[in-house]
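The figures that follow rest on heavy atoms only: side chains count, while hydrogens, waters and symmetry mates do not.
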Amino acid sequence: MNEQDKKPLVIAVPRELDDLERRVAVTPRTAVRLRQLGFSVHVQRGAGTRAEFDDTQYAEAGATLVDGLEELYAGADAVLKVGEPAMVPALGRHEVDLMREGTTLIGFVWPAQNKDLLARLAARKVTTFAMDAVPRISRAQKMDALSAMANLAGYRAVVAAAEAYPRLLSGQVTAAGTVAPAKVLVIGAGVAGLAAIGAARGLGAIVRAFDTRPAVKEQVESMGAEFLTLDFKEDGAGAGGYAKEMSQEFLNAELALFAKQAMEVDIIITTALIPGRPAPKLITAGMVESMREGSVIVDLAAQQGGNCALTVPGDKVVHRTVRILGYTDLTSRMAIQASWLYSSTMVNLLEEVAKGGSLQPNLEDEVQRGALVTHAGEVTWPPPRKPTAQDANVTRDKPLPPKQPDHGKKAEKPASPLWAVAALVVALVVGLAAPPSFLGHFTVFVLSCFVGYQVVWNVSPSLHTPLMSVTNAISGIIILGGMLQLTNEFNATTVLGAVAVGLAMINIAGGFLVTRRMLAMFQR
């Protein structure tokens with residue numbers, strides 16, 4: 001069969017089962033992109049209605065409309081969803097059971113909370129990519145659905161707070177008197193927190209923010225908010241850009257800070273989450289009672305229990321005139337925008353996975369392996385953790401276990417020391433043949449390699465990405481080295497030094513320009 005006779009892979013887009021879920025996994029706009037990639041897009045009728053995309057728009061985009069879910073899944077090579085698969089009440093069957101063996105599923109799966117679902121998917125031999133498990137690294141930013149949704153949720157949280165707050169957010173000077181601007185406290189300065197800061201500042205509020213990661217202080221202050229600090233030496237930066245669980249002493253100091261702020265601010269927006277664990281309780285009932293009348297709490301961690309002790313997930317609670325919003329569908333309330341952004345991240349992932357007319361994950365690719373949660377009948381989550389320098393230090397500190405004799409195998413030959421002897425001979429020959437000044441220069445070179453490595457890789461990533469911080473650190477070292485070579489004499493050394501300084505300065509300026517543009521995305 002030649003390439004022209006091959007049938008295109010079928011992408012199935014079902015209607016979401018959750019009544020609160022208004023988003024759709026593929027919009028008419030991204031359906032066009034999928035068709036350009038060579039896929040055939042099949043959409044269940046009414047899949048985009050709650051996101052205000054009607055069936056006619058999908059038909060105009062070249063998608064095929066399918067009536068029933070059974071018919072849709074029967075011919076699908078890949079299924080794109082928003083929420084995790086669930087029971088279909090009308091059919092009395094689970095969505096996973098409707099899929100063919102070998103189908104590829106892409107969507108939010110939440111593997112840490114859905115172990116039974118992973119087992120069901122593995123038993124059905126479904127290859128599953130969890131959009132919530134995409135590694136939060138620079139190369140995967142275009143596939144980072146969590147950040148895209150968190151950005152919208154942070155913005156929408158401020159809109160919900162403004163709607164519930166019975167006063168003005170911005171300050172006003174009127175003939176009747178002066179109205180002070182509202183004070184907003186944002187707990188957690190991740191993507192959602194930064195979006196909330198930008199929206200609140202845009203509405204004229206005074207914004208304060210707190211985060212366990214000191215590295216985000218510059219980002220918060222660059223957006224015009226006050227960063228609250230604790231006199232406590234503990235860094236909350238965890239793996240993958242998330243915060244880690246803190247010590248009890250730190251939590252006690254943190255709660256004392258929040259108790260003081262609760263009596264001063266009008267609106268609190270909480271975003272604190274630790275992956276795979278219930279949301280930490282940061283706002284106690286006593287803090288709620290200490291807030292002034294008409295205050296508002298928006299709990300973005302409500303889906304995992306909430307950061308406020310009085311939060312009711314999915315509902316609004318009024319406690320002594322304090323409004324506590326535990327809405328879990330803030331992103332769905334912006335279904336048009338949210339659907340397009342979410343769908344774009346999925347298409348970007350498909351571009352990585354689809355190679356040679358098939359959907360075979362590349363297990364050597366860090367992004368694909370990180371998002372892959374089931375494959376070939378096995379649960380593949382969590383992915384193997386990459387060893388770090390800290391792991392290597394721990395390994396060196398541990399005593400080696402006694403080697404057990406293996407009589408069934410031939411004894412391995414010890415490593416040959418010839419390479420060490422050869423290196424020593426080369427060093428001696430070079431040392432004897434080289435001019436006297438060479439040894440001093442060579443010693444400086446070796447030492448500078450060690451010192452430079454430690455300096456560069458110990459730079460704290462205060463910017464948006466660790467890559468930006470590392471490249472700027474390297475450029476700074478290059479500038480210092482180049483400046484040392486600049487003299488009044490015109491020779492090759494001086495020219496090369498000047499060129500190195502110029503190029504490194506361009507790199508640093510570009511790094512700050514990119515960072516500025518990234519921060520501008522959160523500003524009005």
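Side chains of Val134 and Val367 form a contact here, defined as non-hydrogen atoms less than 4.5 Å apart. At least one side-chain heavy atom of Met143 sits under 4.5 Å from a side-chain heavy atom of Glu352. Between His42 and Glu71 the shortest side-chain heavy-atom distance does not fall below 4.5 Å. Side-chain contact between Met287 and Leu255: present, with at least one pair of heavy atoms (C-beta onward) separated by less than 4.5 Å.
With rounding to the nearest 0.5 Å, the separation of CG in Leu325 from CD1 in Ile268 is 12.0 Å. The CG atom of Leu17 sits 7.0 Å away from atom CG of Leu69, with the distance rounded to the nearest 0.5 Å.
By the 30° and 60° cut-offs, the orientation of the rings of Phe227 relative to Phe210 is parallel.
Residue Ser332 forms a side chain to side chain donor-acceptor pair (under 3.5 Å) with just one option from Glu16, Glu21, Arg22, Arg50, and that option is Glu21. A side chain to side chain donor-acceptor pair (under 3.5 Å) with Thr128 is found for one member of Thr104, Thr374, Thr380, Thr103 and no other, namely Thr374. For the side chain to side chain donor-acceptor pair (under 3.5 Å) with Asn348, the qualifying choice from Arg33, Gln141, Lys142 is Arg33, the only one to do so.
Contact check on Asp77 versus Arg100 returns a salt bridge, with a Lys/Arg side-chain nitrogen under 4.0 Å from an Asp/Glu carboxylate oxygen.
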Walk me through it: do Thr331 and Arg23 pass the test side chain to side chain donor-acceptor pair (under 3.5 Å)?
-> CA-CA 8 Å; Thr331 311; Arg23 292 170 294 178; 4.7 Å; no
Decide side-chain contact (heavy atoms from CB on, under 4.5 Å) for Arg35 and Val32; before the verdict, give the C-alpha distance in whole Å, the side-chain angles of both, and the deciding distance to 0.1 Å.
-> CA-CA 5 Å; Arg35 292 188 64 247; Val32 174; 5.9 Å; no
I'd like a table of donor-acceptor pairs (distance under 3.5 Å, sequence neighbours excluded) in which one partner is a side-chain atom from residues 87-95, with atom names and distances.
unit_1	atom_1	unit_2	atom_2	d
Arg93	NH2	Asp97	O	3.3
His94	ND1	Val96	N	3.1
Glu95	OE1	Lys81	NZ	3.4
Glu95	OE1	Ala86	N	3.0
Glu95	OE2	Tyr73	OH	2.6
Glu95	OE2	Lys81	NZ	3.4

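Summarising the geometry of Asp365 relative to Arg139, their closest heavy-atom pair is OD2-NH2, 3.1 Å, with the distance given to 0.1 Å.
Around CD of Glu364, the count of heavy atoms belonging to other residues, nucleotides or ligands within 6.0 Å does not exceed 12. For Lys281, the NZ atom counts as densely surrounded, since its 6.0 Å shell holds more than 12 non-hydrogen atoms of other residues, nucleotides or ligands. Within a 6.0 Å radius of CD in Glu351, other residues, nucleotides and ligands contribute more than 12 heavy atoms.
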